[in-house]
Each structure stands twice: as C-alpha cells, then as structure tokens.
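The structure under discussion appears below in the form of structure tokens.
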Amino acid sequence: MRAVPWRYDLPASLVVFLVALPLCVGVAVASGVPAELGLVTGIVGGLVVGALPGSSLQVSGPAAGLTVLVYEAVQEFGAGALGILVLATGLLQLAMGALRLGRWFRAMSASVVHGMLAGIGLTLLFGQLYALADRKAPATGPEKIAGLPALLRDAATGAAAPAAVGVGIATLLLLVLWTYLPPRVARAVPAPLAAVGIAAAVTAVADLPVARVRVSGLLDVVALPDRDALGALAGAAGLGTILAFTLIASAETLFSAAAVDRMHHGPRTDYDRELTAQGVGNTLCGLLGALPMTAVIVRSAANVQAGARTKTSRTLHGAWLLLFTALLPGALGLIPLTALAAVLVHAGAKLVPVRRIAGLCREHRGEAVVLGVTAVAIITTDLFEGVLIGIGLAVVKSAWQTSHLQIAVEEAPAHEGDGVLRVRLSGNATFLRLPRLLDALERLPADRPVELDRSGLRHLDHACTVALASWAAQHRARSTAPLAVEPPLPTVV
C-alpha cells in the first residue's frame, strides 16, 4: 500500500477546508435552506466521495453553479422535497456511471458549458446584489435586471440598509484586492475566509444592525425524505428539475476533472468512476435532505495549488468541516448574511468567462453566439430550458458548418471539348444545401454539354442523391447536349 505523503496532504486539507467553509454556508443561504445543509453536503463530499475512486485531487461539495436551480426548486416544491430530488439525481448518476456514460459528457459543446456557467454566474450575481443590500430579490432574471437601477439608487442614498451595504461592499473589495497582496500572505489565508472572518469580527465588535446566519445543530436540519415529498416526482416540473440537476452536476464535475487533470501530473481521472462517486454522494445527500453536490473547480484548484498529492487531502477536509460544525457551531451565527452575499457575487462574476468570450469573438464568432445565447436564455427563462436552447443551437450550428458545399461552374479547356461546362462539387452535400445546389444546376444552359464532377464531395446524403438523379434525368430529357456525371450517381431507391 502506498504511503500517504502527510507533509503535503495535511496542510493542503486545511487550505481546502478554509476555502470550503464560507462557500458551503454561502451557497446554502443563497439556496434558501439552512446553512448547516451546505456543510452536510461538504462533509459528504469530503468523507465519502473523497474516499472513492475517480479523480484523485478534485474536491466535491455544494456549488454556486446549482444555487439558482436549487433556490427555484425550494420555492416551487418546498425545502422538504429537496432531498427526494437530490436522491433521484444521485440514483440517475449511479445508473449513468454503470452504463459508462461519463466519458460522453466530454462531447458536450464547450461553448454551451461556458454559456451555462456564464448564465448561472450572472443570475447569481444579479440575485445576490439584492441580498448584499439586505433586500429580497425579484423572482425572475429580467425582473432582477430591471430592478438594479432602483437598488443602486437606494444603496447610494442610504435607503437600503446602510450598514449591510457597507459591510457587503467592504467584503467584496477585500475579495478583489486580496489577490494583490504578497503571495505568502494570499496563500496562507484564502480570500473568502479572510473576507468573511473580518466582516464577522467588525460586525460583532461594532454591534452593527446586520442580519446574521441562523444556526442550529446538524441533527436538527438533517431529515430523511418523507412520503409527502414524493409528489415532487409526479409532474414534469419535478422531472425537469432532476434532469437539470443531473446534467449540470455531472457536466460541471467532469469538466472540472478535465481542468484539474491539466493542473497536475498525477493519475488521470476515470470519468465513469467519478460519475459513480458523485452518484453515491448525491444519493447520500438526498437521504439526508442536503444540497446537491458537484466537484468544484475553486476548491479543487486550491487543493492542487496547496501541494496535495493523494485523495487523503480532500477526505481530511471533510473531517475538518465535521469537527468545526460539531465543536464551534456558534461561530456560524457571527457571520453577516451580506458578507456571504459578497462572496457569492464574487463567485458569480468569476463564472463568467470574459477572456474566453473575447477570444471567441475574435476567432470563432459562431461559438461566441452559442455561448451568448445560452447565457441569455438561462437568465430569461430557467437553467434547464436555457441549456436545451444552447445545445439545440450548437447542434444546428454544427450541422450547418459540416454541410458546407462549394459549387464551381467553369469553362472546360478547349482540348477537352468545345463549349463544355464543368461543374465541380466539393465539401458536404446535405439537404441543408439542397436549395442552393439545385438553383446552380437549374441555371445551366440546356444547349451546352455539361460535366458534373462530384469527386470532391466528402459526403452526399440521400436527399441530394435523389435530387441530383432527378435533375440529371430532366436535363437529359430537355437537352440534346450530352451530360456526364463523374463518378456516376448510385442507384436511387
């Protein structure tokens, strides 16, 4: 058995714990459930998923990317139904892992995934701006955007809880400026922990009138799914939520795994095993009534950068979360909600791939359109519909690009025949290009010999084969000039 490199994994586990603690609490509060449920998911992600095979260094827990969808599910079905939805998600992931479907998630369009993250990030950002000012956010994305001018006006004039706004803005500025500190300081204390800790200390010392996290024990919030919660599975909305949970959680996990694999030289991720491990984790979280989990790139990157060598570091981070919750639960009650909102505003902004969008606009504008449409669709509709719209657009774009067809009409050299028109076809002849192909052929004069050269075609689908055969028959019937097709068309059935 391979020895555990404790001098690397132990300090790395502490770093991941310090990064995960404020994020677990913040994601839970933003999702509309008790803060402890976020910690339960983080504990399961560390102690259970962290010990399972799949990826060796990526870390699982509640993710900002699912916050919007979880909040909507809680509002629609109630907090009691969350467990059954997460349980069904875990079972579906287990089935997908058993069927070895994990590797197929790598076939997802990168533009759709980044558009999904951008849409989630912007929705999270817009919603948490209201929480930062101690206001309740509107229900829909367009309403949140429309209400921002009034929110900013109230914040500037002091009409929107000045103490909460001040603490929130100060926390956000600290998060942004933390990376500019000397590397030794910035790496020693993670920015989210430092920002939330300082905000909690200032709020407590100054006794500011700011709402704080409500605290209870883990055993008080953990609850097995009851029979009444099964009603969430009966309708299309509940099934759509489960599919959305599964798609987003699995895609984010496996794309995170690909990113983490590029950050270290250790064992590569087994995608099917990792999907199975996530299924085990979500099944357990569902039984406990906790938040859904994914592998989280922020914690995973912190784990790698802290020097972790084995999965021990991520397992230990779960143990630290459990010990903290058991021994110091009252410390959570000191955290101001506006500070957590600032952490999530910062996390939401980081989900928007600004550099990637700029690069796509310069080099691949079609991919940039897919990314933008996916993000806007998520903001204006919901996560599941937005992703489906993005996937549909990506499929249409790919079909259009792969059906690119070049049609060249030219005079043949004199030694090959007087007045011969040569039509060269190259690329992919599919039904999408059929109108353009027939327009070009039907404009050919009937009194001149024609040579149709289709040797440059990489693909000729059935619709184009039928159309070419029909055109060739009609051309020969109305013309006395010869027509040659090379290579000859296959027999049309």
Side-chain angles (χ1 to χ4, degrees), residues 24-42 44-45 61-93 116-117 119-124 126-128 130-131 136-141 143-144 221-253 278-279 281-294 296 344 348 351 377-388:
C24 287
V25 176
V27 169
V29 171
S31 300
V33 300
E36 290 81 3
L37 288 182
L39 292 168
V40 170
T41 299
V44 172
L66 283 172
T67 301
V68 176
L69 190 57
V70 172
Y71 179 83
E72 292 174 353
V74 170
Q75 296 302 307
E76 183 170 357
F77 304 110
L82 181 61
I84 197 70
L85 296 173
V86 177
L87 173 61
T89 298
L91 294 175
L92 188 54
Q93 286 182 312
M116 173 190 73
L117 294 176
I120 291 169
L122 290 172
T123 304
L124 183 62
F126 295 144
Q128 291 305 304
Y130 289 88
K136 184 178 181 180
T140 66
E143 290 174 346
K144 291 174 184 173
V221 296
V222 169
L224 295 174
D226 54 27
R227 185 174 299 177
D228 295 337
L230 294 174
L233 304 178
L239 295 177
T241 299
I242 293 168
L243 289 175
F245 277 171
T246 304
L247 174 64
I248 304 305
S250 302
E252 187 170 344
T253 292
Q278 294 294 319
N282 275 315
T283 300
L284 185 54
C285 286
L287 290 172
L288 298 174
L291 292 172
M293 75 166 56
T294 74
V296 187
L344 291 173
L351 285 175
I378 289 172
I379 294 170
T380 54
T381 58
D382 59 42
L383 190 59
F384 187 58
E385 290 183 16
V387 170
L388 289 181

**Message:** Can you tell me how far apart CD (E143) and OG1 (T380) are? Round to the nearest 0.5 Å.
**Reply:** 12.5 Å
**Derivation and outcome, side chain to side chain donor-acceptor pair (under 3.5 Å), residues S250 and Q278** = CA-CA 8 Å; S250 302; Q278 294 294 319; over 6 Å; no
**Asked** Do any N or O atoms from the side chain of T41 and from the backbone of M293 form a donor-acceptor pair under 3.5 angstrom?
**Response** no
**Item:** Closest approach of L291 to G38 (non-hydrogen atoms, all atoms of both residues)
**Value:** CD1-CA, 3.7 Å
**Message:** Nearest 0.5 Å, please: how far is CG in L243 from CG in L388?
**Reply:** 9.0 Å
**Min side-chain heavy-atom separation S31-V74 under 4.5 Å** = no
**Request:** To the nearest 0.5 angstrom, please state how far the CG atom of L287 sits from the CG atom of L224.
**Result:** 6.5 Å
**Heavy-atom pair of closest approach, residues E252 and A63** = OE2-CB, 3.9 Å
**Asked** Which atoms form the tightest heavy-atom contact between G42 and C24, and what is the distance?
**Response** CA-SG, 4.1 Å
**Request:** Any chance you could measure T241, atom OG1, to L85, atom CG, to the nearest 0.5 Å?
**Result:** 6.0 Å
**Request:** Would you check if P34 and V221 make a side-chain contact, meaning some heavy-atom pair closer than 4.5 Å?
**Result:** yes
**Prompt:** Looking only at heavy atoms, which two atoms of F126 and K144 are closest? And how far apart?
**Reply:** CB-CB, 4.2 Å
**Item:** Spacing of OG1 belonging to T89 relative to CG belonging to L66, to within rounding of 0.5 Å
**Value:** 9.0 Å
**Message:** Quick check: closest heavy atoms across A244 and L69, and the distance to 0.1 Å?
**Reply:** CB-CD2, 3.4 Å
**Message:** Set out, in order, the CA-CA distance, both residues' side-chain angles and the distance that settles side-chain contact (heavy atoms from CB on, under 4.5 Å) for L284 and L288, then state yes or no.
**Reply:** CA-CA 6 Å; L284 185 54; L288 298 174; 4.3 Å; yes
**Fill in**
All heavy atoms of G281 vs all of V44, minimum pair found to be O-CG1, 3.8 Å
**Message:** Do I248 and T294 have side chains that approach each other closer than 4.5 Å (heavy atoms only, starting at C-beta)?
**Reply:** no
